[in-house]
Amino acid sequence: MSITPTFLPTVATVDLTALVYNLSQFRLMLSPGCDVMAVVKANAYGHGAIETSRTLIRHGVTRLAVFSTEEGVALRQAGITVPIVVLGPIFQEQFGNLFGHQLTPVVSDPSVLTALGQAAASREAPLSIHLKIETGMGRLGLTQDELVALIRSHQFPSSLRLEGLMTHLADADGFDPDATEEQISRFHTTLNIVQEGGFQVPLVHMSNSGGAVRFPSSHFSLVRPGIMLYGYHTLPRTVEAPDLRPVLSLKTCIAQLRTIQPGGTVSYNRTFTAKCPTRIAVLPIGYASGLSRHLSNRGYVLIRGQRAPIAGLVCMDMVMVDVTTIPGIAVGDEVVLIGQQENERITAGDIAEWTGTISYEVLCAISPQIPRVYRSS
Ligand SMILES: Cc1ncc(COP(=O)(O)O)c(C=O)c1O
């Protein structure tokens, strides 16, 4: 049974002009010869991986990075043909999709290298891979000892081609740059080990957005920006960031209005009590769509250009806001959860501050069920 499309009160608008602007601002910070591999994992941080990728490619991005083979397959099925690197761990069960869709795996474990080498042996051409080295993140990657053992043993599978060498920064946005400098130096050491072992690696990369802006010595041949493309960063205030524009805005509209008398309460567990006659607007968005429950009684939305505080606990699909001080309110009024309205603005960074997280999580949490509308200004 097909479902008839209906009116959708809640929409995430993705401003592709802002995306392209951020890309160009970010590029200004790069050393000559260093290129961008755009990180579009997690549905392009909630922005929609397919449209985001298409736009970035139209503006000169030649490589993408995703987390999983499944994310890579979805981009291939949408007709995207540029090289796609799969950053996340690879399982044997995913090898078929890697081969079938020309995805480039990041290998982080010697046993996966062996298994992948065996699986690729029947292919006509070697499979390009990127090797990940652990330099301080404590997550994925071969240790320096494992790398030395691999190079000395001359057991790098001939069915694989070492296209890339990479690592990942743990503290690029931290206050103390020393740990990052240390990671850069360790990475240089591992690059030397690989080159002295006779490998010419065309693609060398370590930096995310923050690392690329703050540590030019981390540029090598590629950098892997994610968050800055989407208009945010988490750098300390003392570090000069590029001029960025938030790409995504999230809007809904008022579903119902009611007046609560003094002593009346709002939402589950009655955590909001009216002190005076209070006008409450009901909004059709809740934590199932990514509006964090931590916003209960502490976040704001914008209505008629003014901030309206969230009243009571955020529900699964609804939230209530106090609109007592905003004149002229009506059912159907536009409500901005992220974005600009008249002279007021709420960013994913503001929501992150109110909820004790980072803009990344706020953006990624926006449910895929909320329609994304793409516009170029
Ligand atoms: C391996 C890797 N590279 C690059 C990025 C992009 O980082 P950012 O969004 O901070 O630019 C990420 C993000 O999580 C990542 O995991």
Side-chain angles (χ1 to χ4, degrees), residues 23 26-41 45 61-67 83-90 104-109 112-113 128-148 150-151 161-197 199-229 233-236 239 241-242 360:
L23 172 66
F26 181 79
R27 276 190 173 136
L28 294 175
M29 321 287 285
L30 297 183
S31 313
C34 178
D35 207 352
V36 164
M37 173 156 72
V39 178
V40 295
K41 63 185 181 142
Y45 293 36
V61 167
T62 54
R63 278 170 206 285
L64 301 172
V66 295
F67 176 72
I84 299 176
V85 170
V86 178
L87 297 171
I90 304 290
T104 307
V106 171
V107 177
S108 305
D109 182 296
V112 175
L113 191 72
S128 291
I129 66 146
H130 291 208
L131 203 57
K132 187 165 191 176
I133 311 299
E134 158 56 18
T135 57
M137 177 69 181
R139 198 168 68 175
L140 296 175
L142 273 71
T143 62
Q144 191 172 316
D145 287 350
E146 285 171 332
L147 179 70
V148 169
L150 172 71
I151 301 293
R161 169 178 172 254
L162 187 55
E163 180 192 63
L165 189 76
M166 66 173 285
T167 188
H168 189 48
L169 294 175
D171 203 23
D173 57 358
F175 284 97
D176 179 4
D178 290 356
T180 303
E181 299 288 6
E182 179 65 25
Q183 277 194 272
I184 295 170
S185 147
R186 284 193 201 125
F187 190 50
H188 270 291
T189 306
T190 58
L191 182 57
N192 286 339
I193 293 169
V194 170
Q195 286 171 339
E196 281 163 16
F199 292 88
Q200 292 309 316
V201 195
L203 303 176
V204 179
H205 48 108
M206 73 181 306
S207 250
N208 63 343
S209 304
V213 166
R214 198 174 177 190
F215 301 94
S217 60
S218 73
H219 285 179
F220 298 93
S221 49
L222 289 176
V223 289
R224 305 186 304 267
I227 196 71
M228 284 191 188
L229 299 177
H233 71 83
T234 49
L235 288 168
V239 177
Y360 297 68

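Side-chain atoms are counted along with the backbone in the values below, which use heavy atoms only and exclude waters and symmetry mates. We count residues from 1, following the sequence as given.
- The structure places CZ of Phe187 at 10.0 Å from OG of Ser207, a figure rounded to the nearest 0.5 Å.
- Checked against a 6.0 Å centroid threshold, the rings of His205 and His219 do not count as neighbours.
- Met166 is listed as a side-chain neighbour of Val106, based on a closest heavy-atom distance under 4.5 Å.
- Of the possible donor and acceptor atoms, one in the side chain of Glu146 sits under 3.5 Å from a partner among the backbone N and O of Thr143.
- Side-chain atoms of Thr104 never come within 3.5 Å of backbone atoms of Val85 as a donor-acceptor pair (strictly under, hydrogens ignored).
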### Query
When you look at Tyr45 and Val39, which way does the side chain to side chain contact (heavy atoms under 4.5 Å, CB included) test go after all the steps?
CA-CA 9 Å; Tyr45 293 36; Val39 178; 3.9 Å; yes

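- Summarising the geometry, atom CZ belonging to Arg63 is positioned 6.0 Å from atom CG belonging to Leu222; distances are rounded to the nearest 0.5 Å.
- Judged purely by atom type and a 3.5 angstrom limit, Arg214 has no side-chain atom pairing as donor or acceptor with the backbone of Val239.
- There is a side-chain donor-acceptor pair under 3.5 Å between Thr135 and Gln183.
- Here the CD-OG distance, from Glu163 to Ser128, works out to 4.5 Å after rounding to the nearest 0.5 Å.
- The shortest distance between side-chain heavy atoms of Ile184 and Met206 falls below 4.5 Å.
- Residues Leu165 and Ile133 have side chains in contact (heavy-atom distance under 4.5 Å, counting atoms from C-beta outward).
- Interatomic distance, Thr167 OG1 to Arg139 CZ, rounded to the nearest 0.5 Å: 10.0 Å.
- The CG atom of Leu203 lies 5.0 Å from the OG atom of Ser221; values are rounded to the nearest 0.5 Å.
- Using bins of under 30°, 30° to 60° and over 60° for the plane-to-plane angle, the ring pair Phe220/His188 lands in the tilted bin.
- Of all heavy-atom pairs spanning Gly211 and Ser218, the tightest one is O-OG, 3.4 Å.
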### CA sep, side-chain torsions, deciding dist, call: Gln144, Thr189, side chain to side chain contact (heavy atoms under 4.5 Å, CB included)
CA-CA 9 Å; Gln144 191 172 316; Thr189 306; 3.9 Å; yes

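- Two residues are said to be in side-chain contact when any heavy atoms from C-beta on lie closer than 4.5 Å; Phe26 and Val213 meet this criterion.
- Two residues are said to be in side-chain contact when any heavy atoms from C-beta on lie closer than 4.5 Å; Val61 and Asp35 fail this criterion.
- Taking the six-membered ring for Trp, Tyr360 and His233 have ring centres at least 6.0 Å apart.
- At distances below 3.5 Å, not a single donor-acceptor pair connects side-chain atoms of Ser31 with backbone N or O atoms of Cys34.
- Of all the heavy atoms in Gly210 and Ala172, the pair that sits closest is C-CB, 4.1 Å.
- Contact of the Glu134 side chain with the Leu142 side chain is not registered, since no non-hydrogen atoms from C-beta on lie closer than 4.5 Å.
- From His168, atom NE2 reaches atom CE of Met137 across 4.5 Å, with rounding to the nearest 0.5 Å.
- Pro225 has its side chain out of reach of Asn208: every pair of non-hydrogen atoms, C-beta onward, lies at least 4.5 Å apart.
- For Gln195 (side chain) and Gly197 (main-chain N/O), no donor-acceptor pair under 3.5 Å exists by modelled atom type.
- Residues Glu196 and Ile151 have side chains not in contact (no heavy-atom distance under 4.5 Å, counting atoms from C-beta outward).
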### Message
Checking Leu235 against Met228 for the side chain to side chain contact (heavy atoms under 4.5 Å, CB included) test, could you report, in this order, the C-alpha distance in whole Å, the side-chain angles of both residues, the deciding distance, and whether it holds?
### Response
CA-CA 11 Å; Leu235 288 168; Met228 284 191 188; 3.7 Å; yes

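- Looking only at distances, no side-chain donor or acceptor of Ser108 sits under 3.5 Å from a matching main-chain atom of Leu140.
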